[in-house]
**Q** 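Please read through the structure below; I'll follow up with questions.
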Amino acid sequence: QVRLVQSGGGLVQAGGSLRLSCVIPERSHRLTRMGWFRQYPGKDREFVAAIALSGGSEYYADSVKGRFTVSKDNAKNTVELQMNDLKPGDTARYYCGATVGPLATALNWKAYSSWGQGTQVTVSS
C-alpha cells in the first residue's frame with residue numbers, strides 16, 4: 001500500500017505554475033520532516049525541498065530557490081509544494097516522502113521510509 005497520498009502535477013508552459021499536495025500520515029509526531037524529491041529517467045531521486053513538521057524550518061535545493069515554496073497546511077493536514085516560474089529543466093516525476101531523520105539525512109532520498117506514488121510534472125518551452 002502507498003503510505004503517502006499525493007496529488008497535483010500536469011503539463012504547463014515555461015513560466016507557469018503548478019501545486020503539489022501530500023497528505024501528512026497519521027502519528028506524524030514521530031516524523032521530523034516531509035520532503036519533496038524529483039526523479040529523471042535513469043537517475044536517483046533528487047532533493048527539491050523539505051519542511052520540519054514542528055514548524056518553521058524550510059529547505060530548498062539551489063535549483064529551485066526563489067521559485068518553489070514548501071508549506072504545511074494544518075487545516076487540510078497536508079504539505080504543499082507551490083512551484084512558480086517553472087522551467088523545462090523542472091520536468092520530472094515528483095515524489096513526497098516522510099522521514100524520522102535529522103536534517104543531515106533528510107536531504108538524501110535514502111533516509112525516507114514512506115513515499116507517495118509520484119506525479120509527473122512536464123514543462124514545455
Side-chain angles (χ1 to χ4, degrees):
Q1 292 182 315
V2 178
R3 184 173 180 84
L4 306 183
V5 178
Q6 64 178 96
S7 60
L11 172 64
V12 297
Q13 293 185 341
S17 298
L18 286 172
R19 189 177 184 91
L20 306 181
S21 180
C22 185
V23 178
I24 299 174
E26 61 183 7
R27 300 184 179 181
S28 59
H29 63 279
R30 292 188 59 82
L31 302 175
T32 58
R33 290 170 178 83
M34 295 281 286
W36 290 94
F37 289 74
R38 61 190 180 188
Q39 188 168 30
Y40 300 98
K43 303 294 184 179
D44 288 336
R45 295 184 183 184
E46 173 185 293
F47 173 75
V48 174
I51 185 170
L53 293 180
S54 60
S57 298
E58 302 169 10
Y59 306 93
Y60 299 92
D62 288 341
S63 59
V64 305
K65 285 182 179 178
R67 299 188 297 120
F68 291 12
T69 302
V70 64
S71 62
K72 185 160 69 75
D73 189 324
N74 292 322
K76 297 193 300 182
N77 195 38
T78 60
V79 168
E80 310 287 322
L81 183 67
Q82 178 66 43
M83 303 182 291
N84 297 327
D85 191 25
L86 284 161
K87 303 176 180 180
D90 296 319
T91 295
R93 191 165 183 85
Y94 284 70
Y95 297 85
C96 66
T99 181
V100 299
L103 175 63
T105 61
L107 305 186
N108 191 323
W109 67 269
K110 297 179 181 179
Y112 287 73
S113 58
S114 299
W115 292 98
Q117 79 279 12
T119 185
Q120 182 68 31
V121 170
T122 301
V123 185
S124 62
S125 299

**Q** Considering all heavy atoms of both residues, which atom of Phe37 and which atom of Leu107 are nearest to each other, and what is their separation?
**A**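 Nearest pair, atom of Phe37 first, then Leu107: CE2-O, 3.9 Å.
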
**Q** May I ask you to decide if Thr105's main-chain N or O and Asn108's side chain share a donor-acceptor pair within less than 3.5 Å?
**A** no

**Q** Can you list the residues that meet the salt bridge (charged side-chain N to carboxylate O under 4.0 Å, His left out) rule with Glu58, with sequence neighbours excluded?
**A** none

**Q** For the pair Thr122 (side chain) and Thr91 (backbone), establish whether a donor and an acceptor sit closer than 3.5 Å, ignoring hydrogens and angles.
**A** no

**Q** Pick out which of Val70, Val123, Val121, Asp90 makes a side chain to side chain contact (heavy atoms under 4.5 Å, CB included) with Met83.
**A** Val121

**Q** Looking only at non-hydrogen atoms, find the nearest pair between Ala49 and Tyr60 and report the distance.
**A** CB-CD2, 3.7 Å

**Q** Taking salt bridge (charged side-chain N to carboxylate O under 4.0 Å, His left out) as the definition, give me every residue that meets it alongside Lys43, ordered by chain and number, with sequence neighbours left out.
**A** none

**Q** Kindly determine whether Asp62 and Lys65 satisfy salt bridge (Lys or Arg N to Asp or Glu O under 4.0 Å), including the steps that lead there.
**A** CA-CA 5 Å; Asp62 288 341; Lys65 285 182 179 178; 3.1 Å; yes

**Q** If you compare all heavy atoms of Val79 against all heavy atoms of Leu53, which two are closest, and at what distance to 0.1 Å?
**A** CG2-CD2, 4.4 Å

**Q** Return yes if some donor-acceptor pair links the side-chain N/O of Ser57 with the main-chain N/O of Ala52 below 3.5 Å, else return no.
**A** no

**Q** About how many Å separate OG of Ser54 and CZ of Arg33, when rounded to the nearest 0.5 Å?
**A** 7.0 Å

**Q** Could you tell me the separation between the CZ atom of Arg67 and the OG atom of Ser17, rounded to the nearest 0.5 Å?
**A**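 Between Arg67 CZ and Ser17 OG, I get 10.0 Å after rounding to 0.5 Å.
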
**Q** When you measure from the side chain of Gln117 to the backbone N and O of Gln6, does any donor-acceptor pair fall under 3.5 Å?
**A**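 Checked: pair present.
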
**Q** Rounded to the nearest 0.5 Å, what separates atom OG1 in Thr119 from atom CG in Leu81?
**A** 11.5 Å

**Q** If I take atom CD from residue Glu80 and atom OG1 from residue Thr69, how far apart are they, to the nearest 0.5 angstrom?
**A**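 Nearest 0.5 Å value for the CD-OG1 distance: 11.5 Å.
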
**Q** Rounded to the nearest 0.5 Å, how far does OG1 of Thr99 lie from NZ of Lys110?
**A**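 Result: 14.0 Å between the selected atoms.
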
**Q** If you define the side chain from C-beta out and look only at heavy atoms, does anything of Trp109 sit under 4.5 Å from Gln39?
**A**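 The answer is no, as the side chains (C-beta and beyond) never meet within the 4.5 Å cut-off.
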
**Q** Check the angle between the aromatic planes of Tyr94 and Phe68 and answer parallel, tilted or perpendicular using the 30° and 60° thresholds.
**A** tilted

**Q** What are the two closest non-hydrogen atoms of Arg19 and Ser71, and how far apart are they?
**A**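 Minimum heavy-atom contact is NH2-OG, 4.3 Å.
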
**Q** Under the side-chain contact (heavy atoms from CB on, under 4.5 Å) criterion, do Trp115 and Arg45 qualify, and how do the steps go?
**A** CA-CA 12 Å; Trp115 292 98; Arg45 295 184 183 184; 3.0 Å; yes

**Q** Give the minimum heavy-atom separation between Ser114 and Leu4, together with the two atoms involved.
**A**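 Residues Ser114 and Leu4, closest heavy atoms: O-CD1, 3.6 Å.
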
**Q** Hey, does the side chain of Tyr59 reach the backbone of Ile51 with a donor-acceptor pair shorter than 3.5 angstrom?
**A** no

**Q** Closest heavy-atom contact between Arg38 and Ala92?
**A** CB-CB, 3.8 Å

**Q** Roughly how far apart are Cys22 SG and Asp73 CG, rounded to 0.5 Å?
**A** 12.5 Å

**Q** Would Val100 and Met34 show up in the same hydrophobic cluster when neighbours are defined by side-chain heavy atoms closer than 4.5 Å?
**A** yes

